Amino acid sequence: MSQETKITPRAQDYNQWYIDVIQAAEMADYSPVKGCMVIRPTGYALWENIQRVLDGMFKDTGHVNAYFPLLIPESFFKKEAEHVEGFAPECAVVTHGGGQKLEEPLFIRPTSETIIWSMYKRWIASHRDLPILINQWANVVRWEMRTRLFLRTTEFLWQEGHTAHATEAEAEEETRRMLGVYQRLAEDHLAIPVVPGLKSDREKFAGAVRTYCIEAMMQDHRALQAGTSHMLGQNFARAFDVTFQDDAGQRQLVWATSWGVSTRLIGALIMAHSDDKGLVVPPRIAATKAVVIPILGKKADPAVVLAEARKLADETGLGRGIQVDARENQSPGWKYNHWEQRGVPVRIELGPRDIDSGQAVLVRRDTGEKKPVPRAGIAQALADLLEDIHRSLYARAKAYRDEFTFDVDSADEFRQKLESPGGFLRTHWCGDGVCEGKVQEETKATIRCIPLDAKPEQGACPFCGKPSTRRVIYAKAY
RNA sequence: CGGGGCGUAGCGCAGUCUGGUCAGCGCGCCUGCCUUGGGAGCAGGAGGUCGGCGGUUCAAAUCCGCCCGCCCCGACCA
């Protein structure tokens, strides 16, 4: 009995399971440099598809792409007080170049607000120059103490949108619009249900006025921030002296937003859907949506079966989205396992019996259910099945999240529920950051967000007893 | 930075306590035959400065010292 990688069951060791899934699917590998990772083709293909989908949505909402440099003068960072305080400790700094010590150290970008706003100052003079709606796809570096594949690595890939507006209302609208884009990406493409919400002041981006986010629940009931959108107010315009003349001839500070999602989404995707057999990739984002396994044996001419398999792949109309595993040295069972570990949504088995009866067997990755389907209707049946898998993954993830979301009204209950089973605790909050900090210190849970759809509700903060007007979501987070 | 674990073939490990045919096993890989509807079988074969440096000894993967690296857990963070 041959084995590839064995995967630790979730129930035994969730963290090890996560690592095993990534290894088994060959999504990533550790790099020679601590905290950095190599994204292997299987993992990168997911990122490429996320990029493709998001990039389209950005362009549909009027944005354009540009590229700003990796190296940022140290002095730029110091211009926005809260920003430098938040990021300086985790910045990598270049001190030498060309064999000489540099006059001014250069920060490797942990995010690009400062370099971008230094440029916006040169580009903005009139209200006719606004809005500026620029996005960039880039890598950034943040020197983290503790790293995890995809979820937190020293260098990671992301996109960062940076927009400039004439009015507060417009900037706020943009911030919310992009949050909506992220929610659509998560739910409609990654099949991950998310809670859109507002961050508390403690949790907001360094330099922002307000930070919105989408929060997802992982299978260990912990929360994962899957995307953020920041209303930056006039903070960066003030720091970089970016003003424009409005139509009345008045000079005004520009309003800003920034928003981003990263390769962390791949970690979210893994932890939202995968199982003890390995990766499960939602069909809409999968590079390989189906794989044909020809059953090659002596019962029929292997060349004929293989030719039929290739023909079948063609008939599906999936193009590059389908491949045929033609290897003759591996058994069908081995291949089933191989592709299951890689999360391919649908396996199509085609053997002599199927060819004789004009059918193929569709096997879905999420449930393992097998279904014979007539060859004539294969393209439609497959398309339907892929959509059904998407819906079913989403529904399952949502039901799971709801099952572990609790209304909690006392501190004791809070501690109990957090300990077991864990999850999203919908709790009243007094609004005080100090109180929030104490809860975090004691329980390790943080306010993940104030849900945007939170209904006004009179209550009391279970920790300090002060009045509260709506519930927030507390959870342990990644 | 603390706590725990680990470093022996591509991967997973045994051997270390009790120095001496301990350079070994499984998987993978290569060749051939045979097989293929859930991780096949047989035969042959390639592959290792035992993380590094130093020490003890007639003799070190094994004992001692120092160093390096990695993983997991905790404090910071998308």
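By convention in this document, chain letters (A, B, ...) are assigned in the order of the sequence lines, proteins followed by strands, and residues within each chain are numbered from 1. What you are looking at is a predicted structure, and each value in this text was computed from that prediction instead of being measured.
Listed nucleotides B:rG37, B:rA78, B:rC71 differ in distance to A:P332; the shortest reach to its side chain belongs to B:rG37. Relative to the side chain of A:K444, the nucleotides B:rG74, B:rG38, B:rC71 differ in distance, and B:rG74 lies closest. Among the nucleotides B:rG38, B:rA78, B:rG74, the one closest to the side chain of A:F156 is B:rA78. Side-chain atoms of A:M145 lie closest to B:rA75 of the nucleotides B:rA78, B:rC73, B:rA75. Comparing B:rA78, B:rC29, B:rG39 by their closest approach to the side chain of A:W334 singles out B:rG39. The listed nucleotides are B:rC72, B:rG39, B:rG37; the one nearest the side chain of A:N337 is B:rG39.
Side-chain nitrogen and oxygen atoms of A:R146 include at least one within less than 4.0 Å of the OP1 or OP2 phosphate oxygen of B:rG74. Applying the 4.0 Å criterion to OP1 and OP2 of B:rA40, one finds that A:S331 has a side-chain N or O inside that range.
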(message) Run A:R284 and A:N49 through side chain to side chain donor-acceptor pair (under 3.5 Å) and show every step you take.
(response) CA-CA 9 Å; A:R284 292 181 192 169; A:N49 280 338; over 6 Å; no
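The salt bridge (Lys or Arg N to Asp or Glu O under 4.0 Å) test applied to A:K476 returns no partner, not counting sequence neighbours.
Below 30°, between 30° and 60°, or above 60°: for A:H338 and A:W334 the angle between ring planes is below 30°, a parallel geometry.
Of the residues in residues 272-282 of chain A, not one places a heavy atom less than 4.0 Å from an atom of RNA chain B. Annotation: proximity of residues 286-301 of chain A to RNA chain B (heavy atom, distance under 4.0 Å) is found for A:I295, A:L296, A:G297, A:K298, numbered in ascending order.
Side-chain atoms of A:E340 come within donor-acceptor range of the base of B:rG38, with a qualifying N/O pair under 3.5 Å.
Between A:H230 and A:Y212, the distance from one ring center to the other does not fall under 6.0 angstrom.
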